Amino acid sequence: MGYFRENIEQLKGYEPGFQPKTTDVIKLNTNENPYMPSPQVIKALGGIKVDRLRRYPDPLADEFRQAAAQVHGLEPDNFMCCNGGDDLLTIAFRAICDESRAVAYPVPTYSLYPVLAKVQNCEAIEIPFDGEFNLPPKLARAGAALTIVCNPNAPSGSFVSVGEMASLADELPGVLLIDEAYSDFADENCVGLVKDFDNVIILRSMSKGYGLAGLRFGYAIARPELITGLMKVKDSYNVDAVAIAAATAAIKDRKYFAETTEKVKKARDLLVAQLRALKFEVPQSHANFVLAESKNRPAKEIYEQLAKRNIYVRYFDLPGLSDKLRISVGTMEQNDILILTLKEIIS
Ligand SMILES: Cc1ncc(COP(=O)(O)O)c(C=O)c1O
């Protein structure tokens with residue numbers, strides 16, 4: 001007998017993007033924010049008393065829930081904090097799915113979903129997007145206990161309208177989890193649906209728009225009944241005292257957040273135009289990355305050539321993606337170096 005459950009023995013496991021050990025590289029492979037977190041975060045970290053580390057943290061992270069409620073115009077009991085958005089995904093799979101309760105999601109999308117389905121031993125119903133990344137009509141009819149739509153989608157950067165998401169929530173028999181890890185860079189979001197639908201969970205991350213990927217902090221937004229169900233499954237102390245203080249300072253600093261996300265959006269739109277000028281096919285992105293299809297060189301070759309020059313982007317050897325590169329938006333300067341290097345490689 002193996003030491004692990006059969007599905008774990010069979011599992012390949014999620015492969016996170018490469019994290020280089022040195023800092024003298026241009027790192028555009030894991031959709032981090034190119035800008036520093038708010039100065040208020042540094043202040044909050046400096047102000048943490050050691051006694052706060054001696055004690056367990058607040059299991060509900062109420063300080064953050066109150067700040068988030070103000071930002072989103074909801075109540076604190078509409079929120080559950082988690083150790084990054086990935087923690088919420090794990091909690092949702094554990095709370096909602098099992099051998100007889102499937103998950104469904106359109107593909108290609110975030111490659112963690114199938115891994116979590118295998119860990120939970122539930123069926124994963126994968127329904128392909130069309131060429132324009134429109135929501136597949138079959139999704140609503142799949143009858144899954146949990147349906148996930150990543151919006152804006154990763155790795156395409158495409159966006160499904162709020163109206164379409166509302167219709168989907170209305171049609172589904174089960175829970176709709178809308179993964180809004182990248183919504184800080186989109187013009188619209190689905191948070192308002194929480195007021196209208198008792199089956200919607202919104203996932204938010206502090207890793208992208210707030211530049212806090214290293215902190216590990218995310219949150220769920222939903223009706224209090226759904227939040228109570230998710231809370232039963234989470235670790236009691238899933239977010240630590242330092243993370244609560246830093247994330248609360250970050251979400252409260254609206255001015256800094258607006259300035260940095262605006263800079264990323266501007267740099268993204270310029271990057272799309274520059275890549276198109278180099279004959280890459282690039283759909284409009286609503287996130288902090290772009291998906292570029294190479295027409296004159298294999299994507300894998302470009303990826304390897306960039307890595308040799310210490311520029312890291314993401315290459316997925318997966319159906320529908322192996323001719324494309326996912327490139328995180330850097331600072332204007334980093335993007336300029338990327339474009340100059342790409343010109344050199346493909347000329
Ligand atoms: C689509 C999507 N959802 C959720 C996450 C989770 O983000 P985090 O756990 O850093 O909050 C990521 C991270 O890359 C992501 O790409």
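Indexing begins at 1, ligand by ligand and atom by atom, following the structure's order. Note that this is a predicted model, so its numbers are computed, not measured.
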Below a 4.0 angstrom heavy-atom separation, can you tell me which part of Met206, side chain or backbone, both or neither, approaches ligand 1?
neither

Tell me which part of Asp179 gets within contact of ligand 1: side chain, backbone, both or neither, using heavy atoms under 4.0 Å.
side chain

Shortest non-hydrogen contact from Ile227 to Ala222?
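Shortest heavy-atom separation between Ile227 and Ala222 comes out as CG1-O, 3.7 Å.
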
Ignoring hydrogens and geometry, is there a side-chain-to-backbone donor-acceptor pair from Ser322 to Asp317 under 3.5 Å?
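No, the answer is negative, given that no donor and acceptor are paired below the 3.5 Å cut-off.
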
Donor-acceptor contact below 3.5 Å, side chain Lys324 vs main chain Gly320
yes

Looking at Lys308 and Glu304, is there a salt bridge between them, counting it only when a charged N and a carboxylate O are closer than 4.0 Å?
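No, Glu304 and Lys308 are not salt-bridged.
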
Ligand-side contact atoms (ligand 1) for residue partner Lys208, heavy atom cut-off under 4.0 Å:
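Atoms satisfying the 4.0 Å criterion: 13 (C), 14 (O).
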
Could you tell me which atoms of ligand 1, counted from 1 in the order shown, lie closer than 4.0 angstrom to a heavy atom of Cys150?
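Answer for ligand 1: 1 (C).
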
Test your reading of the structure: does [X] have an N or O sitting under 3.5 Å from an N or O of ligand 1?
X: Arg216; value: yes
X: Leu203; value: no
X: Asn83; value: no

Pairs in or reaching into residues 200-213: which pass salt bridge (Lys or Arg N to Asp or Glu O under 4.0 Å), with residues at least two apart or in two chains?
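Those involving residues 200-213 are Glu180-Arg204, Asp184-Arg204.
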
Strictly by ring-ring contact (aromatic ring centres under 6.0 Å, His included), give each pair with a member in residues 163-199 just once, sequence neighbours left out.
Tyr182-Phe289

